[in-house]
Amino acid sequence: MKEFHGISASPGIVISKAFLYNEDSFSVPRYEIKEEDIEHEILRYKKAVKVAAGELNNLKKKIIKEHSDDEARFLDSHLLMLHDPIFTDQIYEKLRHVQTNIEWVVQNVVNDLVEKLNGSPDLYLRERSMDIDDVSKRIINHLMKRERISLADLAMELILVTPDLLPSDTLLMNKRMVKGIVMDAGGRTSHTAILARSFGIPAVLGLRSITREVKNGDTIIIDGLHGRVILEPDNETLEKYLRLQMEYLKRESELIYLNNLPAETQDGKKIFLKANIEVSEELESVHTYSAEGIGLFRSEFLIMRPGQENDEEAQFLEYRKVLEGMEGAPVTIRTLDVGGDKLIHEIAQKEEKNPLLGWRAIRFCLERKDIFKVQLRAMLRASVYGQLRIMFPMISGIEELESAHEVLDEVKAELKAEGIAYADHIPVGCMIEVPSAAMTSDILARKADFFSIGTNDLIQYTIAVDRGNEKITSMYEPFHPAVLRLIKIIVDNGHKAGIPVGMCGEMAGDPIATVILLGLGLDEFSMSAFSLPEIKKIIRSATILEAEEFLGALMDMKSFRDIDRYVRIWMEDRFDIIKG
């Protein structure tokens, strides 16, 4: 028995047999060609590209027919890659230089490009390497007259184990037979992760080398709740997970009844439960779990595609789709939070010794107003199609908040002069994720219509712990006394100013933290949609009085380890929480 830990991309527990799907298992031959054969190889390449383009266009029509225009949209970028002049020129230049067969040249150029992307600190660019891989495999397959295995033809239930899964494969695979997905590559924002959540298929990604350990037919357990994969479990582990699987399925079915009930404590306090999303494809799960709105729409993923940084129309259409899809429920769009670990071309060119404390988020936007204004124009244009709320990230003081409002007012004036409509009275708030913002939240509250606490950054900046550093991950502690005190200050200052205070960091979706947040006085929780039922159940089982008494006991403790231990024991004893 072996256990592996990766990224929990889609929740659930599943036990089945492995199907190893490795498109990299075939080898591409290499042989020298004469100089006079170069044009012939170029002609072969052009024919393969033409066939691949026809294949992609047919695939796009099929996906649109069976799914939607949006789920086929990624194929547009694949078609653009096929005809990208820079990519084509690289291949031709390499071909003339090495005088080797075109199949090998394509693979060599793509491998170099993928290696560079995978070495990038930009998560989006790392995940887009799969799209390039998808396109290149189509070309090479046609050059070698090789047939690809079709996941649409799967005839038995299985767990798909693969180095990576191409977006086209994810859409076309037989979803009735694929019970789970295990991948070496991928993250929570990859196409595979988004589609797995949409289809309700448990998935653990980012396992690096699990395909080297798995053989076809091996028994695999996927624990999508905790990002755990167990290969060839012993009888005791198998029995344990069969029991946990039954408990999870029973729990999920029992929680369905909560969909039409309010998130209200037993003593009558109404809490708003909303969802965090990154792309419009997640709207289905937002409705499945009856979210009361979108508390955080991470807009930066719309502009992180190379060449699309300033595409106002593309942003407008995406915002409009989400606003219309939410049917009048509030949608909070966070303005660009690029920088740090989320890079676009302008930032990628500037090396920073400490990017998490550098040129990012609102700092970037206020300097690059050309990009910022395009986004605000798209948001305002879309505002007439629903209930929009705008939120500025990483505000460190009143100067930045006032400057952001000034840019927003400029954009409104420009649209008005152009005769372009936008909604009146759009609430504009800010994220509180920097200690300086927390300590001056009484000042910020005079200029903000609402606060949303971003605990992911607030915790790391407060405790000086890089949440991506494995050596100090145990110090990244949400229940640190300093974090709890800062949250209390933020909530109290917001309420004194008469504005609502929400939370959109991971802490909001952690069942262990729910009663603490109730005691702190939070008005709104926003999280991944699949976490909503569990949080709602706890809220409906608690009272504000017991939450405040519970919080009072914690505030008297001095050690975050003591607080953490006390909270977990109390919560697991008081509520029916799956222990992880």
Side-chain angles (χ1 to χ4, degrees), residues 19-59 75 77-120 125-153 160-169 172 183-186 208-216 306:
F19 172 64
L20 190 60
Y21 181 68
N22 191 348
E23 280 285 281
D24 294 327
S25 59
F26 74 97
S27 60
V28 176
R30 178 182 184 179
Y31 53 87
E32 293 182 1
I33 61 170
K34 297 177 181 178
E35 188 171 352
E36 56 264 32
D37 292 329
I38 289 175
E39 290 306 315
H40 174 68
E41 292 297 288
I42 289 176
L43 182 61
R44 288 181 60 218
Y45 177 78
K46 288 180 177 178
K47 286 181 178 178
V49 167
K50 185 177 181 180
V51 175
E55 186 177 72
L56 284 170
N57 278 313
N58 290 334
L59 178 58
L75 290 176
S77 62
H78 287 205
L79 287 163
L80 286 172
M81 286 179 208
L82 279 177
H83 303 292
D84 187 314
I86 297 176
F87 179 60
T88 304
D89 287 347
Q90 281 182 309
I91 290 171
Y92 291 171
E93 183 180 347
K94 185 87 173 181
L95 174 66
R96 292 188 175 97
H97 178 68
V98 300
Q99 293 189 16
T100 303
N101 60 303
I102 193 68
E103 298 96 326
W104 185 89
V105 171
V106 172
Q107 185 181 62
N108 187 262
V109 169
V110 168
N111 285 348
D112 287 345
L113 182 56
V114 167
E115 185 177 350
K116 288 177 183 176
L117 291 176
N118 285 337
S120 169
L125 290 181
R126 293 200 302 272
E127 291 174 349
R128 293 296 72 74
S129 67
M130 292 185 190
D131 296 323
I132 295 170
D133 205 27
D134 194 340
V135 171
S136 68
K137 282 192 173 85
R138 289 185 185 280
I139 297 171
I140 292 171
N141 282 333
H142 290 303
L143 286 167
M144 295 178 62
K145 303 189 185 312
R146 177 178 175 271
E147 293 291 329
R148 295 179 72 181
I149 298 170
S150 175
L151 295 179
D153 298 330
L160 198 59
V161 183
T162 179
D164 58 47
L165 195 59
L166 304 176
S168 53
D169 287 334
L172 291 176
M183 262 171 49
D184 289 340
R208 298 190 179 184
S209 59
I210 194 169
T211 50
R212 299 177 196 168
E213 307 282 345
V214 176
K215 300 186 298 295
N216 277 322

So, for T162 and Y21, which heavy atoms are closest and what is the spacing to 0.1 Å?
OG1-O, 2.9 Å
Which residues pass the side-chain hydrogen bond (donor to acceptor under 3.5 Å, both in side chains) test with R30, not counting sequence neighbours?
none
Side chain to side chain contact (heavy atoms under 4.5 Å, CB included) partners of K34, counting only residues at least two apart:
E36, D37
What distance do K46 atom NZ and R44 atom CZ have between them, rounded to the nearest 0.5 Å?
14.5 Å
Within this structure, what is the CG-CH2 distance for the pair L143 and W104, rounded to the nearest 0.5 Å?
14.5 Å
Closest approach of R138 to H142 (non-hydrogen atoms, all atoms of both residues):
O-CD2, 2.9 Å
How many angstroms lie between atom CG of L160 and atom CG of L165, to the nearest 0.5 angstrom?
5.5 Å
side-chain hydrogen bond (donor to acceptor under 3.5 Å, both in side chains) involving Q90 - partner list, sequence neighbours excluded:
none
Can you sort out the partners of E213 under side-chain hydrogen bond (donor to acceptor under 3.5 Å, both in side chains), two or more places apart, ordered by chain and number?
K2
Residue list, side chain to side chain contact (heavy atoms under 4.5 Å, CB included) with N57, at least two apart or on another chain:
L79
Would the distance check show the side chain of D84 and the main-chain N or O of L80 forming a donor-acceptor pair, the cut-off being under 3.5 Å?
no
Holding to side-chain hydrogen bond (donor to acceptor under 3.5 Å, both in side chains), I want the full list of residues that pass it with T88, two or more places apart in sequence or in another chain.
none
N/O donor-acceptor pairs under 3.5 Å from side chains in residues 92-102, not counting sequence neighbours:
from	atom 1	to	atom 2	distance (Å)
K94	NZ	N108	OD1	2.9
T100	OG1	V98	O	3.2
N101	OD1	Y31	N	2.9
N101	ND2	P29	O	3.0
N101	ND2	E103	OE1	3.0

Do D184 and D164 pass the side chain to side chain contact (heavy atoms under 4.5 Å, CB included) test, and can you show the C-alpha distance, the side-chain angles, and the key distance before you say yes or no?
CA-CA 6 Å; D184 289 340; D164 58 47; over 6 Å; no
Quick one: pull up NE2 in H40 and CG in L43 and give me the separation to the nearest 0.5 Å.
7.0 Å
For the CD atom of E55 and the NZ atom of K50, what is their distance to the nearest 0.5 Å?
15.0 Å
Residue pair I139 / L82, side-chain heavy-atom distance below 4.5 Å:
yes
Those residues that, when tested against S136, pass side chain to side chain contact (heavy atoms under 4.5 Å, CB included) (two or more places apart):
V106, V110, D133
Closest non-hydrogen atom pair between I91 and Y45, with its separation:
CD1-OH, 3.3 Å
Steps toward side chain to side chain contact (heavy atoms under 4.5 Å, CB included) verdict (V161, F19)
CA-CA 6 Å; V161 183; F19 172 64; over 6 Å; no
